[in-house]
Amino acid sequence: MSAERVTTVVVGAGHAGLAASRFLTGRSIDHVVLERGEVANSWRRERWDSLRLLTPNWLNRLPGLPYTGPDPDGYLTSGEVVSLVEHFAAVNRAPVRTGTELTSLSRTDDGYHLVTGAGEIHARSVVLASGACNVPVTPAFAAAVPSPVRQLTPFTYRNPGQVPAGGVLVVGASATGVQIAAELQRSGRQVILSTGEHVRLPRLHRDRDVLWWMDASGVWDQRYDEVDDLTRARRLPSPQLVGGPKRETLDLNALTELGVELVGRWAAVRQESALFSGGLRNVCALADLKMNRLLTGFNQWAGITSPAEEIAPTRVPARTRLKLDLSSGEIGTIIWATGFRPDYRWLGVPVLDEKGRLRHEGGVVADSPGLYALGLPLLRRRRSTFLNGIEDDARFVVDHLAGRLPGGSEPAGRQ
Amino acid sequence: MTTIDNGVNVQALLDAREVLKGAPEAAQFTWRANSKWTKGVHSTTTIEKFFGLGQEQTHKNETEFASDHPAVFAAEDNGITPIEYLLVGLAGCLTAGVASVAQNRGIQLRSVEATVEGNHDIRGILGADSDVRNGYNDIKVTFHIDADASKEEIEALVAQSQKRSAVFDALTNPTDVTVEVA
């Protein structure tokens, strides 16, 4: 059976793949969007129940789809994100093939050969938009946790009702970790939160959403080639934010108020005990300093000299526990909020670095002409990490892709 | 603009970072110490050679360190207590970090002094109470820094220095230690 031929294949029908499709359609470049499940699949299946976007509604603009609803300052639930992305797919009439899993992608003389569950495709170019959070990452010592302790990841955790009574150890203090820690503590369980380096932010700064400041002040416009330490910036944990009608701050002080116990970064398991770092005070000091520097920068940008409301430094307990006996029954469940990684098992092109990360220059995979990426953290700008960053990124990538096709960068329609 | 000089060759360190990113094997160092019992709780440790950048290396001079215990431990006090060497290491490492970070950030230092205090309940090592650990219960470092910088910038120097400190990490995180009889 000969392979189907298309000019471009887009892998993944989330907001990134669909944005690529919109610009490809705009240039009349024939393409298909392969989707292993349904449109916005990970938002349907790989999120806990209470999750809302960190960005307010007015900041969730997609190409051609500004927010026009009644609640610009609200935050979408996962289900509402699914509706938004479905609507985006529909208005653009994106050629999505759902239920079509990609099993391998390899190079040929003039493009790429893709094997899917529904046949083989040959394409001149491929846009990888399969997401940055396909697999939860857990440390190797998770295997040494004694078996009566139940282990969940953000993919398997749904809500507190699913967690047995008793103590819970939440590992990681990004948005995921602090949100899950807060709802479990509110549900009546004692939560211990293991905290390494983290990003502290208030929900509001001078009565505006802190992400308004990120957007307006130009922080989010900083380009990948202007960032001091790009590797570090790309793997920065998500900020300690939660979207909700109360627009409340969910930093470590808020969790301490709720009764959550803070411990340092989980370093090792020895004889069925978890050993935590004694360096919690320093990671909190670093996060406080960085937050204050950011907010001071916002004030300077706005030309405001009047003092803002003072934010209390993170209160670190005088003594934090360095050891926790995992076999004592104090902890019944561990939730690993220790980050995610993309899944590139099907990628048969040598474009990953030694850590398994895709090597790309602002979305262009330089080592493999015709291969592109979208929807990764800080792909081209700090904004790229968020929904509203996709417009410029997808336009750039599709322009570059079109420039390589026969006929150069001419708008399409000509053979 | 006046150039600042804390005496740290930051460029060499930044260059090394770039080179070693692509050569992880050259980044593997082994630090070595050799000790010899003298008498009682007094021993002498010498340090001269180490391994790094793919080959044997030698310090400019061999250094000798005497370990003993003070008179209140019924010892002769021929040198500092072994656990005090941890304070030497921590102070030396954090101070080196402050100087390096300051150089990298263009901050001129005039003086950097640190007081390091480790609180130690010796009932642990004496076996007087099995619930008491042998090592420090906690350590407190207080820096006094005079520099051309704001208080916040100085706090950031100290925080960044801890973030990149070998000894701070070795003390705050567990390390796998093997002790054998040859």
Side-chain angles (χ1 to χ4, degrees), chain A residues 139-141 144 194-198 200 228-232 263-271 273-297 299-300 310-311 313-314 316-325 353-355 357 359, chain B residues 10 13-14 17-18 20-25 27 86 90 93-94 97-98 101 104-107 118-119 121 124 131-143 149-178:
Chain A
F141 59 70
S194 168
T195 305
E197 277 195 67
H198 56 274
R200 183 186 185 195
D228 270 349
D229 187 344
L230 183 61
T231 308
R232 183 177 178 282
V263 297
R265 184 170 184 271
W266 189 348
V269 176
R270 290 254 181 91
Q271 285 150 8
S273 282
L275 302 185
F276 303 111
S277 166
L280 177 63
R281 202 164 278 103
N282 186 48
V283 292
C284 292
L286 284 164
D288 287 358
L289 284 160
K290 282 179 189 145
M291 174 188 70
N292 287 327
R293 208 147 56 211
L294 183 74
L295 300 181
T296 301
N299 295 338
Q300 284 165 354
E310 191 89 357
I311 299 179
T314 302
V316 182
R319 285 273 163 86
T320 61
R321 248 201 267 207
L322 302 175
K323 188 175 172 187
L324 171 68
D325 184 351
D353 70 12
E354 72 286 355
K355 297 267 179 78
R357 293 172 301 220
R359 285 193 305 263
Chain B
V10 167
L13 299 177
L14 294 176
R17 177 166 81 174
E18 279 317 301
L20 294 179
K21 263 184 193 170
E25 61 293 339
L86 294 182
L90 183 60
C93 196
L94 290 178
V98 166
V101 178
N104 193 38
R105 294 186 179 179
I107 295 173
N119 292 310
D121 184 341
D131 291 332
V132 175
R133 70 180 287 185
N134 296 331
Y136 286 122
N137 284 322
D138 51 66
I139 296 173
K140 185 171 187 200
V141 183
T142 310
F143 269 104
S150 68
K151 184 169 184 288
E152 198 167 50
E153 285 169 329
I154 289 172
E155 284 172 357
L157 287 184
V158 173
Q160 185 66 19
S161 160
Q162 290 166 76
K163 180 176 160 167
R164 287 277 169 257
S165 166
V167 181
F168 183 84
D169 174 73
L171 283 171
T172 54
N173 290 302
T175 306
D176 198 18
V177 181
T178 308

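Letters go in sequence order (proteins before strands), and every chain restarts at 1. All values below come from the heavy atoms of this structure, side chains included, with hydrogens, waters and symmetry mates left out.
Interface remark: Ser165(B) contributes no atoms to any contact with chain A (heavy atom separation under 4.5 Å).
Chain A forms more heavy-atom pairs under 4.5 Å with one residue of Asp169(B), Ile139(B), Thr175(B) than with any other, namely Thr175(B). Top candidate by heavy-atom pairs under 4.5 Å with chain A, chosen from Glu152(B), Glu155(B), Lys163(B), is Lys163(B). In terms of heavy-atom pairs under 4.5 Å with chain A, the best-connected choice from Ala159(B), Ala156(B), Pro24(B) is Ala159(B).
Legend: residues meeting side chain to side chain contact (heavy atoms under 4.5 Å, CB included) with Val283(A), ordered by chain and number and at least two apart, are Glu197(A), His198(A), Leu280(A). Taking the salt bridge (Lys or Arg N to Asp or Glu O under 4.0 Å) definition, one finds that Lys323(A) meets it with nothing, sequence neighbours left out. Judged as a salt bridge (Lys or Arg N to Asp or Glu O under 4.0 Å), and not counting sequence neighbours, the contacts of Asp353(A) are Arg357(A).
Residues of residues 286-294 of chain A lying under 4.5 angstrom from chain B, judged on non-hydrogen atoms, are Leu286(A), Leu289(A), Lys290(A), Asn292(A), Arg293(A) by number.
By the neighbour-count criterion of 12 heavy atoms within 6.0 Å, atom CD of Glu25(B) is densely surrounded, having more than that number from other residues, nucleotides or ligands.
A distance of 10.0 Å separates CG of Leu322(A) from CG of Asp138(B), quoted to the nearest 0.5 Å. Remark: Arg319(A) CZ to Asn137(B) CG distance equals 5.5 Å, nearest 0.5 Å.
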